[in-house]
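Computed from heavy atoms alone, side chains included, the values below leave out hydrogens, waters and symmetry copies.
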Amino acid sequence: MGRAEERRARQRGGRRAAPPTRSSGTPSEGIAPGEGIAPGGRAAARKAAARGKKGAKKGKSGIRRLFTWKKILGAFLGFCLLGIGAFIVMYMMIDVPKGNAAAQKQSNIYKYSDGSPMAREGDTNREIVDLSEVPKPVQHTFVAAENKSFYTDAGVDLKGTARGLINTLSGKGKQGGSTITQQYVKNFYLDQDQTVTRKLKELVISLKVDRTTSKDKILAGYINTSYYGRGAYGIQAAAQDYYRVDAKDLSVQQGAYLAALLQAPSQYDWAAATPTGKKLVKARWNYVLDNMVGQGWLNKAKRDAMTFPVPKEPKAAPGLEGQKGYFIKLAKQQLEKQLIKQEGITQDEAEARVENSGWTFTLNIDKKKQAQLEKSVKTQLTSQLDPKKRSVDRNVQAGAASVDPKTGKIVALYGGTDYTKHFISNANRTDYQPASTFKPVILAAALENASETQGGKAIGANTIYDGTSKRQVVDSNGNKVGFGPENEDDADYGKVTVQTAMDKSINSVFAQMGVDVGMDKVLETATKLGMDTGKLKALPAYTLGTMGASPIQMAGVYATLDNHGKQVTPTIIKSAEQGGTEIQMPDPIGDQVISREAADTVTSVLTGVVDDGTAKVSVAQNPARDGRKVAGKTGTSDDNLSAWFTGYTPDLVTSVGLFGEDYKTHAQSKMYKTAGLPRVNGGGFPAQIWAAYTFGVAGKNTKFDLDTDQGAAVQPTWTPSPSATPSNTPSSTPTTEKPSETPSETPSETPSETPSETPSQSPPTGEQSTPVEITTSPENPFAPNGDQ
């Protein structure tokens with residue numbers, strides 16, 4: 001066959017007859033050995049094999065084609081280009097606005113519950129000073145505190161801004177990271193809103209401002225527009241408020257404190273800071289000075305010699321005299337806490353939102369009740385004090401809060417003699433012990449938890465306990481717990497009912513009852529009722545009321561009892577409106593936190609304290625009582641540092657506290673010999689103030705609607721014969737403090753005289769408690785968290 005014929009044969013399909021090649025018949029190509037493949041067919045075979053493999057891996061290879069590194073990189077670069085383009089557009093469209101911070105600062109208006117005007121808080125406390133008037137080292141304190149790279153950066157912190165945007169989108173609020181330039185732009189050109197739009201504007205404007213404005217002018221704007229707390233805007237106002245000097249006379253130490261203050265003005269104000277707040281601001285102060293040393297702005301030897309400059313006491317703004325300043329401060333605190341909770345902003349942001357920002361507050365304060373409360377404090381207490389004759393009379397502070405148990409409204413409040421003279425509100429302070437006014441909480445816990453005595457008897461009003469003074473408390477195994485409190489005058493009462501123990505405030509009974517119930521359950525019940533128990537440990541000593549509490553807190557606890565176990569959280573705000581929008585405040589009336597029967601039984605027992613116990617003379621026998629049914633409890637702390645009466649009628653709850661506070665140092669002090677009396681007891685001045693106020697304003701709803709078959713209000717009180725008769729004459733000698741392992745708590749005995757405008761010279765005896773520790777918690781939206 002010639003070559004031409006062979007070529008034609010191949011063209012006709014002679015591929016099958018073609019001789020095999022070296023690669024023909026290999027298993028890898030799917031051809032059996034010996035089977036020939038014509039030249040040119042090899043490629044077709046490979047494609048067929050590839051198609052088979054492709055079918056097997058179709059899904060996997062499809063994903064690979066979709067997410068190749070080239071496409072991912074391209075998408076990333078495209079996204080970056082899109083972002084850069086968007087930023088360029090924003091940069092071109094957003095202009096630097098005119099400064100508007102001053103224009104946004106408006107007066108806050110406050111009204112009584114009936115809508116009549118109470119006060120106007122306005123005219124922003126700010127005085128602009130030139131940067132040349134601020135010493136250079138003081139300027140450096142602000143840079144060291146906020147933005148060490150201020151003099152060399154471009155005015156923005158991209159990482160911090162990105163973090164802020166992420167936090168805003170995720171609802172976490174603000175975190176640090178802004179430069180001084182950005183903070184100045186926010187203060188002067190923008191506002192405090194936590195929105196993505198505002199943050200992006202802040203970024204663009206900061207870049208533009210940094211390009212067109214000198215660093216000195218930016219720093220001057222920053223320190224003149226920032227809020228320092230106490231209503232002070234700008235460094236000049238802050239220098240005057242905190243140190244009574246002009247900005248030009250500030251020392252480096254003082255400047256470092258003001259610079260540290262900007263991080264959290266409310267928390268770091270030394271006059272109102274909690275121990276934690278003071279610790280934090282000191283650490284911040286040290287941080288500022290150390291940064292100055294690191295930047296070469298301060299000599300290390302001089303820095304080491306510096307001591308913390310404690311600020312001066314606050315001065316009240318004009319127009320806040322009398323009780324109005326206390327009302328306004330509490331209202332702002334409660335609104336700030338609600339804004340923090342509702343909008344997820346920080347404390348300093350909330351304070352800036354409220355201060356001089358055009359809010360209209362209508363408060364729950366009733367003018368008639370408020371006037372009566374102030375009159376009662378004056379006639380029953382302050383008119384009896386003579387500081388010129390007795391130095392101790394200068395140290396007695398009164399505080400009171402009156403609450404409607406059905407609505408939670410604070411209808412009257414007494415914070416001190418005058419807000420312009422005593423900055424801390426005695427109605428809101430939590431640094432004194434409530435003493436025996438805590439005992440009803442123990443009984444409530446016992447009833448709520450169906451607790452039993454060591455002998456297996458259910459605890460109720462008629463349960464028998466051993467009232468022997470200093471009797472050692474035992475646990476469920478019969479082991480002593482190392483706690484045996486002394487009764488008043490070391491009196492032994494023998495076998496008594498719980499009703500009698502409450503009437504006479506017998507320490508040994510409630511110390512044992514607390515252990516029988518379990519102190520963890522007692523503290524849990526206290527929290528439910530409205531006390532701020534914080535991180536208190538379940539110690540037997542707390543049965544004597546040795547934690548801290550305020551009259552507002554105790555009024556809330558007793559209001560919850562009066563409200564049949566539905567929680568009452570006292571609030572001073574009736575409404576708060578800004579720019580036509582009203583902020584939604586929490587409902588003061590909460591859930592059923594203890595059963596109605598438990599709450600009503602405690603109320604029934606507490607009527608016995610008034611009718612047969614430590615408040616009998618001041619309250620039960622008061623001629624103005626007019627048949628009203630009253631429940632309440634007295635309390636007096638160890639060393640006579642505080643004295644209380646918290647009581648209620650069916651429609652009004654009021655807690656009155658007296659506190660010994662050194663008028664110079666503000667440290668707690670003893671009230672022995674006040675008004676010439678041996679000591680101040682809960683059944684004395686506090687109960688007298690309570691009665692003069694309550695019987696002057698309370699309604700005629702004379703009987704409690706109680707769902708219980710226990711207690712003095714519903715059945716006669718039965719008292720077993722005591723094994724020994726307690727002394728009827730109160731000691732005029734201060735009780736000696738017991739060792740820490742055996743704190744003492746003393747019950748009141750029945751006062752011997754009827755109260756009048758002049759205090760009895762034989763005062764009613766009270767209860768005493770040994771201090772253990774004081775803690776607070778910020779969780780309650782109405783609680784001030786130590787802000788006084």
Side-chain angles (χ1 to χ4, degrees), residues 380-382 384-387 389-400 426 429 431-439 485-491 505 507 541 544-551 554 614-615 618 633-646 655-690 727 729-740 742-749 751-752 759-772 774:
Q380 303 301 317
L381 175 66
T382 57
Q384 316 301 330
L385 303 178
D386 189 350
K389 186 176 181 180
R390 294 173 295 270
S391 60
V392 67
D393 286 7
R394 301 177 185 175
N395 301 335
V396 178
Q397 292 286 337
N426 296 324
R429 68 190 310 163
D431 52 343
Y432 284 83
Q433 302 170 19
S436 288
T437 58
F438 183 72
K439 286 174 179 173
E486 180 180 342
N487 296 330
E488 171 70 11
D489 296 325
D490 200 21
S505 204
N507 295 336
L544 309 184
T546 53
M547 67 292 287
S550 69
M554 297 313 295
T614 54
S618 295
K633 186 72 184 74
T634 57
T636 310
S637 68
D638 192 37
D639 275 339
N640 210 196
L641 299 176
S642 63
W644 300 71
F645 181 74
T646 303
S655 180
V656 180
L658 261 61
F659 313 112
E661 179 192 285
D662 188 282
Y663 76 100
K664 289 184 178 179
T665 66
H666 304 300
Q668 295 190 11
S669 63
K670 302 174 183 179
M671 295 188 291
Y672 295 118
K673 307 299 182 182
T674 294
L677 303 177
R679 68 180 167 212
V680 176
N681 296 298
F685 290 127
Q688 292 165 10
I689 293 170
W690 185 94
S727 170
T729 304
S731 171
S732 61
T733 304
T735 303
T736 303
E737 185 175 345
K738 300 299 174 185
S740 60
T742 311
S744 65
E745 222 284 17
T746 59
S748 292
E749 296 176 9
S752 58
S760 169
Q761 296 303 309
S762 297
T765 58
E767 307 83 351
Q768 300 182 359
S769 58
T770 300
V772 177
I774 296 174

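Nearest heavy-atom pair across T437 and W644 is CG2-CB, 3.7 Å. For N395 against S669, the heavy-atom pair with the smallest separation is CB-OG, 3.6 Å. The two residues G545 and P434 make their nearest non-hydrogen contact at O-CD, 3.3 Å. Contact detail for Q397 and N426: the closest heavy-atom pair is OE1-ND2, 2.9 Å. Between P551 and S655, the shortest heavy-atom contact is O-CB, 3.4 Å. The two residues P686 and A643 have their closest heavy-atom pair at CG-O, 3.7 Å.
Rounded to the nearest 0.5 Å, atoms CE (M671) and OG (S637) are 6.5 Å apart. Here the CG atom belonging to D639 is positioned 5.0 Å from the OH atom belonging to Y672, to the nearest 0.5 angstrom. K670 NZ to D638 CG: the interatomic distance, rounded to the nearest 0.5 Å, is 8.5 Å.
D662 is linked by a side chain to side chain donor-acceptor pair (under 3.5 Å) to T665, counting only residues two or more places apart in sequence or in another chain. Remark: D490 pairs with K470 by the salt bridge (charged side-chain N to carboxylate O under 4.0 Å, His left out) rule, at least two apart or across chains. In this view, R394 satisfies the salt bridge (charged side-chain N to carboxylate O under 4.0 Å, His left out) rule with no residue, not counting sequence neighbours. The side chain to side chain contact (heavy atoms under 4.5 Å, CB included) search around S550 returns T430, I552, Q553, not counting sequence neighbours. For E661, the side chain to side chain donor-acceptor pair (under 3.5 Å) test picks out H422, R429, H666, with sequence neighbours left out. Taking the side chain to side chain donor-acceptor pair (under 3.5 Å) definition, one finds that D393 meets it with R390, sequence neighbours left out.
For the pair Q433 and L641, the minimum side-chain heavy-atom distance is 4.5 Å or more. Inter-residue side-chain proximity for F685 and V396 is flagged as unmet; no heavy-atom pair is nearer than 4.5 Å. Annotation: side chain of L658 is in contact with side chain of L381 (closest heavy-atom distance under 4.5 Å).
Judged purely by atom type and a 3.5 angstrom limit, T614 has no side-chain atom pairing as donor or acceptor with the backbone of G683. Within the 3.5 Å criterion, the main-chain N or O of S642 finds no donor-acceptor partner in the side chain of Q668.
Using the six-membered ring where Trp is involved, Y432 and F659 have ring planes that are tilted, between 30° and 60° apart.
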